[in-house]
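Read through the structure below, which is laid out as structure tokens, and then see the notes.
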Amino acid sequence: MLSSITHSSTLSILLYPLSPKPGCCSSRKLNVRTHPWEKSVEKSVKLRTMVVGCKIDNQEMGFQASERLYLGMDFGTSGARYALIDKQGTIHAEGKREYPNYMKEDSLDWALSWKTTLFSLLEDVPVHLRPLVSSISLDGTSATTLIIDSKTGEPLARPYLYNESCPDALPLVKSIAPINHTVCSGSSTLCKLVSWWNNDDSDKKSTMLLHQADWLLWLLHGQLGVSDYNNALKVGYDPEADSYPDWLLSQPYAQLLPTVKAPGTSIGHLKGDIRTQFGFSEDCIVCTGTTDSIAAFLAARATKPGKAVTSLGSTLAIKLLSTTRIEDARYGVYSHRLDDKWLVGGASNTGGAVLKENFSDEQLEKLSEHINPMEASPLDYYPLKSVGERFPVANLKMEPRLHPRPESDVEYLHGILESIARIEAKAYMLLKDLGATQVDEVFTAGGGAKNDKWTKIRERVLGLPVSRATQTEAAYGAALLALKGFQ
């Protein structure tokens with residue numbers, strides 16, 4: 001994937017990091033203070049920070065002053081995480097935050113929420129480790145789009161979220177883009193840009209488009225207008241040609257498009273005021289990021305064609321390593337470049353968000369214990385949180401199907417878990433039918449990876465070996481990007 005198609009050595013850094021140091025098994029919890037302004041936040045902030053020390057002969061050793069660490073942050077759909085690693089891939093600290101619910105004109109102020117969370121995560125990094133951080137990168141949700149003032153960086157409108165659709169712009173986008181191109185989907189970044197361009201009456205001379213990850217990274221490095229080719233894919237960037245296509249550059253809104261670099265490319269040093277405020281080193285750099293599902297794939301280290309990662313978070317995202325690139329907007333299928341191969345897949349609107357609407361975390365755990373994963377559920381659902389599906393069926397009008405509901409909560413949960421597994425199986429079959437390398441093993445990332453009964457259900461439905469990835473957090477993949485950017 002990464003800085004150049006020909007630089008396979010950099011790929012090996014990401015996909016084959018060295019084994020963790022022997023004996024890195026001790027940990028201690030840190031109590032980290034919360035900011036006074038957080039006390040007004042409606043939702044409680046969840047935070048977990050672990051510091052790992054190496055033990056030799058049962059004696060805990062401190063890290064040498066020369067030890068370099070690499071910080072990755074993952075901005076998912078419902079919260080954010082960080083992971084701090086060394087060059088061997090050992091995790092030295094990690095933590096998470098829920099997004100605070102800031103309101104603006106009767107709707108959530110997502111930009112302020114993300115910004116607040118970004119700086120909360122920086123403060124959550126243990127103080128004694130901050131001077132050792134050499135580089136920072138982060139990922140964001142794909143196609144989450146901001147239109148900003150190109151002089152100040154301030155958002156000019158509320159962000160368009162990853163799953164929002166702009167059907168009003170779809171006919172125009174389809175008229176200029178190649179048939180079945182990735183942008184020919186109502187939820188694509190380009191549809192969001194065109195919709196804003198056609199419906200906003202403000203002066204557009206000093207405006208710019210950035211993705212969620214781009215904007216958050218700008219807050220750290222201060223150079224407006226830089227993106228990466230994973231985030232830029234859904235605005236129309238061609239990762240094979242490494243440029244925007246002519247059909248896009250000829251449009252009047254092309255002036256808003258950011259400069260695109262490979263994920264994990266050094267942009268510049270961390271801003272001086274942030275270094276001073278938090279105690280990071282003067283030579284700490286900030287690198288271009290990626291999308292959340294690609295960061296999860298990098299973390300899982302699925303290294304050979306046929307290996308795949310299913311991310312079971314709020315939504316279900318699939319990435320399969322293939323020797324063939326496939327694109328088909330009819331089914332929400334697209335490919336990201338990964339060195340000389342391709343990450344093919346898509347993202348469904350089914351997933352954990354539907355489960356959390358119906359069950360608490362405690363219920364999910366207790367009810368799952370009573371499920372027999374070797375028995376197929378007769379219930380046929382299509383679990384969606386709201387109307388509309390992206391992949392493996394692209395249907396903006398698809399209705400959620402979660403009825404009939406049996407009296408038994410165990411049966412109901414079993415039916416939902418099995419139905420999501422069927423959607424996953426249909427997705428992998430579709431990729432094969434479109435010409436991708438056939439999947440032969442699936443690694444699981446995200447919160448759903450922790451549910452062993454669901455894993456067994458999926459293994460039966462998919463007819464494939466399914467296992468939890470060694471590293472399941474996208475923040476770890478973002479930290480690998482930070483490592484790559486420094487090296």
Side-chain angles (χ1 to χ4, degrees), residues 14 17 27-35 38 45-52 63 67-87 89-100 113-141 212-213 215-221 263-264 270-271 274-275 277-281 284-296 298-300 311 313 445-447 471-486:
L14 290 174
S27 64
R28 61 182 182 274
K29 291 184 179 179
L30 294 180
N31 293 319
V32 182
R33 68 177 179 84
T34 55
H35 301 284
E38 286 178 325
V45 175
K46 293 182 179 178
L47 172 64
R48 176 173 60 90
T49 300
M50 303 293 289
V51 179
V52 179
F63 300 113
E67 181 81 58
R68 291 188 181 273
L69 300 177
Y70 310 92
L71 176 62
M73 290 177 280
D74 161 49
F75 282 75
T77 54
S78 58
R81 295 174 179 266
Y82 84 86
L84 190 62
I85 68 171
D86 61 23
K87 64 182 178 182
T90 303
I91 298 176
H92 290 260
E94 55 186 346
K96 63 180 179 180
R97 289 267 177 173
E98 289 185 354
Y99 298 134
S113 180
W114 298 330
K115 179 178 180 180
T116 301
T117 303
L118 172 68
F119 289 103
S120 294
L121 288 180
L122 292 180
E123 181 146 345
D124 292 342
V125 175
V127 174
H128 67 287
L129 297 181
R130 293 180 202 169
L132 306 180
V133 177
S134 293
S135 58
I136 301 172
S137 187
L138 60 81
D139 67 76
T141 47
Q212 179 190 29
W215 187 72
L216 290 169
L217 286 165
W218 163 71
L219 292 171
L220 300 180
H221 60 66
L270 184 64
K271 290 167 62 176
I274 298 176
R275 294 200 308 268
Q277 179 182 352
F278 294 100
F280 289 98
S281 66
C284 180
I285 61 171
V286 181
C287 308
T288 48
T290 186
T291 65
D292 54 349
S293 59
I294 289 187
L298 293 174
S311 296
Q471 294 293 340
T472 61
E473 299 297 345
Y476 187 90
L480 291 174
L481 278 183
L483 169 60
K484 180 257 177 181
F486 178 79

- Task: Just jot down the ring pair (Phe, Tyr, Trp, His ring centres under 6.0 Å) partners of Phe75, sequence neighbours excluded, or say none.
- Result: none
- Task: Compare every heavy atom of Val133 with every heavy atom of Ser281, then report the nearest pair and how far apart it is.
- Result: OG-O, 3.2 Å
- Test item: Thr90 side-chain N/O and Asp86 main-chain N/O as donor-acceptor pair under 3.5 Å: no
- Item | Exam field: side chain Arg97 to backbone Leu121, donor-acceptor pair closer than 3.5 Å | no
- Message: The criterion is side chain to side chain contact (heavy atoms under 4.5 Å, CB included); which residues satisfy it with Trp215, sequence neighbours excluded?
- Response: Ala111, Lys115, Leu146, Ile148, Pro155, Leu210, Trp218, Leu219
- Task: Any chance you could measure Ser134, atom OG, to Glu67, atom CD, to the nearest 0.5 Å?
- Result: 9.5 Å
- Do Leu122 and Met73 have side-chain heavy atoms sitting under 4.5 Å apart? yes
- Task: Report yes or no: does Tyr82 contribute a side-chain atom to a donor-acceptor pair with the main-chain N or O of Leu138 at less than 3.5 Å?
- Result: no
- Task: Find the distance between CG (Leu481) and CD1 (Ile294) and round it off to the nearest 0.5 Å.
- Result: 9.5 Å
- Got a second to check how far Leu71's CG is from Phe486's CZ, nearest 0.5 Å? 14.0 Å
- Query: Could you give the distance from CZ (Phe119) to CG (Leu220), rounded to the nearest 0.5 Å?
  - Reply: 6.0 Å
- Query: Out of curiosity, Leu84 CG to Ile136 CD1, how far, rounded to the nearest 0.5 Å?
  - Reply: 9.5 Å
- Item | Sidechain-backbone polar pair: Ser135 side chain, Ala482 backbone, donor-acceptor under 3.5 Å | yes
- Query: How would you list, by chain and number, every residue that makes a side-chain hydrogen bond (donor to acceptor under 3.5 Å, both in side chains) with Gln212, sequence neighbours excluded?
  - Reply: Thr141
- Indicate the atoms forming the closest heavy-atom contact of Gly289 with Pro263, along with that distance. O-CB, 3.3 Å
- Item | Nearest heavy atoms of Tyr476 and Ile85, plus distance in Å | CE1-CG2, 3.7 Å
- Item | With sequence neighbours excluded, residues passing side-chain hydrogen bond (donor to acceptor under 3.5 Å, both in side chains) with Ser113 | none
- Query: Taking all atoms of both residues into account, what is the closest heavy-atom pair of Gly485 and Ile285, and its distance?
  - Reply: O-CD1, 3.8 Å
- Query: What pairs with Thr288 under side chain to side chain contact (heavy atoms under 4.5 Å, CB included), at least two apart in sequence or on another chain?
  - Reply: Val226, Asp228, Lys261, Thr265, Ile267
- Not counting sequence neighbours, which residues clear side chain to side chain contact (heavy atoms under 4.5 Å, CB included) with Ala474? List them please. Asp74, Asp139, Ala295, Ala296
- Note on the structure: Separation between CG (Leu216) and OG1 (Thr117), nearest 0.5 Å, reads 9.0 Å
- Note on the structure: Residues passing the side-chain hydrogen bond (donor to acceptor under 3.5 Å, both in side chains) test with Ser311, sequence neighbours excluded, are none
- Message: Going by side chain to side chain contact (heavy atoms under 4.5 Å, CB included), name the residues that satisfy it together with Ala83, two or more places apart in sequence or in a different chain.
- Response: Ala475
- Query: Distance-only, no hydrogens or angles: does the Arg275 side chain make a donor-acceptor pair with backbone N or O of Cys284 under 3.5 Å?
  - Reply: no
